[in-house]
There are 2 protein chains.
Amino acid sequence: MRIALCGGTGDIGAGLALRFARDTDHEVLIGSRDPERARTKADEYGAELSNRGVETTIKGFENAMAADRADVVVLAVPPYHIRDTVESIADRLDPSTTLVSPAVGMERDEAGLHYNRPSAGSVTAMVAETAPDDVPVVGAFHSLSAGKLADLERDLEEDTLLVGDDEDALDVVRQLAGEIEGLRALSVGPLANAPEVESLTPLLINLATHTDLHDVGVRFE
Amino acid sequence: MRIALCGGTGDIGAGLALRFARDTDHEVLIGSRDPERARTKADEYGAELSNRGVETTIKGFENAMAADRADVVVLAVPPYHIRDTVESIADRLDPSTTLVSPAVGMERDEAGLHYNRPSAGSVTAMVAETAPDDVPVVGAFHSLSAGKLADLERDLEEDTLLVGDDEDALDVVRQLAGEIEGLRALSVGPLANAPEVESLTPLLINLATHTDLHDVGVRFE
């Protein structure tokens, strides 16, 4: 399978790229608005994995090129770049592509971080609104700490929650996520259940602020 | 310490009563609008614990009587009864009482359950708005499954999240919650962080609906 990480030069993209490349046999493509930056980052990730004895062929492209012919496209961009990014890759997507949304809108006040619910209902719903109608969208990977993900010394041992309206696409992402060592993917139902999933991210950050749990993840038992 | 469970005849009240009475040395009072019902339930809980070799003196009272002179008052009532309940006990509360709010407002659509945020910002904030200004309020116990809590055969092994603006009151509830076997209490900061804590409850119910995890709890690691 071919996985494109649009915005794969950022924190969460780096972590997913390293884990997918290390733990799965899938081809990993790094996307960025700037193809040169994508190539530089792809080389960095490849070098880090090579230092660990893992030989991979991570390549960098402009976002639309990375998304082209990818089976799974992860939108590893901040929520305010979601619409632009989806529009910029839209003509490379087709019904066989699964679009994955890990982004969460948050705002800060003096107490901490809060879920900033977009008018679409959730960031995942915003992706579905913006993408071509026949392209399935799955929300996933929201609660993973970018820092923990990118530090290959650290074991994950945590869960990620999935939402989506297309069962086949959910199956694809559930299986793919489960291939990352220590990660368990659990479905929470239709895309309309995304707000409560996305709300977990500011909660985890507030928890890290007020306890000695850092880069905290979640387990459901 | 004396713990009053207003609405302690309901599901979550039953679970907390049984666990507090079994696992701590504190005095447990069951409150209800109907004192006769409170006494009946208190006797039931006492009998269940007695069958397990735990001798306790759980007593039942009308809510205001239960709250009177209690150190901790847990509002184990549905969110639409919160204001009435707080008003009915208000003149029994003083600054040395800690008011604990476990309730969550939820609404159902065809996808599942959703967090129904009250205009006050959260149910916990609604409690703080309604209670006398000098009575400290702590949000806690939101994510505990009533069914699991009331089944003393089952180990909890889960976390509960606390929010509140009064550090002393937070300490009281953190210690009290931690006395329940298998429960760890973690502070997530000020009361303004309650919405993300309360949003976890519909998420857990959606998760139980869509996976084989029943009465699911949460662990942060």
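Keep in mind the model is a prediction, meaning the values are calculated, not measured. Note on naming: letters A, B, ... go to the chains in the order of the sequence lines (proteins, then strands), and numbering restarts at 1 for each one.
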Would you give the length of the straight line joining atom CG of A/N193 to atom NE2 of B/H114, rounded to the nearest 0.5 angstrom?
4.5 Å
Around B/Q175, counting heavy atoms of other residues, nucleotides and ligands shown, do more than 12 lie under 6.0 Å from its CD?
no
Quick check on A/L207 against chain B: is it the side chain, the backbone, both or neither that has a heavy atom closer than 4.5 Å?
both
Between B/S187, B/P195, B/A208, which shows the greatest number of heavy-atom pairs under 4.5 Å with chain A?
B/S187
Rounded to the nearest 0.5 Å, what separates atom NE2 in A/H210 from atom CG in B/L186?
12.0 Å
Determine whether more than 12 heavy atoms belonging to other residues, nucleotides or ligands lie under 6.0 Å from atom CG of A/D11.
no
Out of B/G189, B/P202, B/G112, return the one with the most heavy atom pairs under 4.5 angstrom to chain A.
B/G189
CG (B/D94) with more than 12 external heavy atoms under 6.0 Å:
yes
Is it the backbone or the side chain of B/L204 that comes under 4.5 Å from a heavy atom of chain A, or both, or neither?
side chain
Other residues, nucleotides and ligands only: do more than 12 of their heavy atoms fall within 6.0 Å of CG on A/D109?
yes
Check B/A111 against A/A192 and note the closest heavy-atom contact, atom names and distance.
CB-CB, 3.5 Å
Nearest heavy-atom approach of A/L213 to B/F220 is CD1-O, 4.0 Å
How about B/L203 and A/L161: do any of their side-chain heavy atoms sit closer than 4.5 Å?
yes
Is it the case that over 12 heavy atoms from other parts of the model lie below 6.0 angstrom from the CG atom of B/N116?
yes
If you count every heavy atom of other residues, nucleotides or ligands that lies below 6.0 Å from A/D25 atom CG, does the total exceed 12?
no
Counting only heavy atoms closer than 4.5 Å, note whether A/E221 contacts chain B via side chain, backbone, both or neither.
both
